[in-house]
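Residue numbering restarts at 1 for every chain, and letters A, B, ... go by the order of the sequence lines.
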Amino acid sequence: EAGVVQSPRYKIIEKKQPVAFWCNPISGHNTLYWYLQNLGQGPELLIRYENEEAVDDSQLPKDRFSAERLKGVDSTLKIQPAELGDSAVYLCASSPRAGGNGELFFGEGSRLTVL
Amino acid sequence: GEDVEQSLFLSVREGDSSVINCTYTDSSSTYLYWYKQEPGAGLQLLTYIFSNMDMKQDQRLTVLLNKKDKHLSLRIADTQTGDSAIYFCAENPSSNTGKLIFGQGTTLQVKP
């Protein structure tokens, strides 16, 4: 069974440029998460989807960040314009459904460097 | 508020036991978790414990939960070099959402 797939693995951009990350969750997983992981820190939730609905986006900085999950499968996370402080790893995770034992399946992450 | 605290670094010799500690704040968490992150990789669930348990053993891993003190620990027996990684403790204060609150991670260094 394929795991959570993210791309690109690495992205280097200049500040004020836009960037987008893509995530393909495990087949059949209805719940999809985007987490932000700063260097030396644990992941922090940005947004959670149940199918195509964003049910928790309270931590998403909406002035520059946006996300979508069309058709309830793949998802994209966009930053426009990027700032120096956005340099981090953006992790996508999925789970069969909310609740249960809470196990999340993570992708390898997309490492963003903003110069 | 919700907060999970861990020590940042632990160094042990191969074959010794490792004990990683964690404190959390939300007593309503139904499950508590240990995730492992190897360099350049995403997080992988190692084990979890239900809040009505005080111990769970899974091969070389032993999880101890002290609900009164809100303290969670992970013991790795016979630690191997392949266990070198960052270990994250996490709580799930809203059990029906899957929103996990992670600690900052403990880097485990295993010396040969």
>> For chain B, which candidate among Glu44(A), Arg111(A), Gln37(A) shows the most heavy-atom pairs at distances under 4.5 Å?
In response: Gln37(A)
>> Quick one: does any side-chain atom of Asp57(A) pair with a main-chain N or O of Ala54(A) as donor and acceptor, under 3.5 Å?
In response: no
>> Is Gln44(B) in contact with chain A via its backbone, its side chain, both, or neither, using a 4.5 Å heavy-atom distance?
In response: neither
> What part of Phe50(B) gets closer than 4.5 Å to chain A, counting heavy atoms only: side chain, backbone, both or neither?
Replying inline: neither
>> Check the orientation of Phe102(B) and Phe106(A). Use parallel for under 30°, tilted for 30 to 60°, and perpendicular for over 60°.
In response: perpendicular
> Tyr48(B) ring centre to Lys56(B) NZ or CZ under 6.0 Å, with the angle to the axis within 45°?
Replying inline: yes
>> Once rounded to the nearest 0.5 Å, what's the spacing between atom CD1 of Ile47(A) and atom CG of Leu32(A)?
In response: 9.0 Å
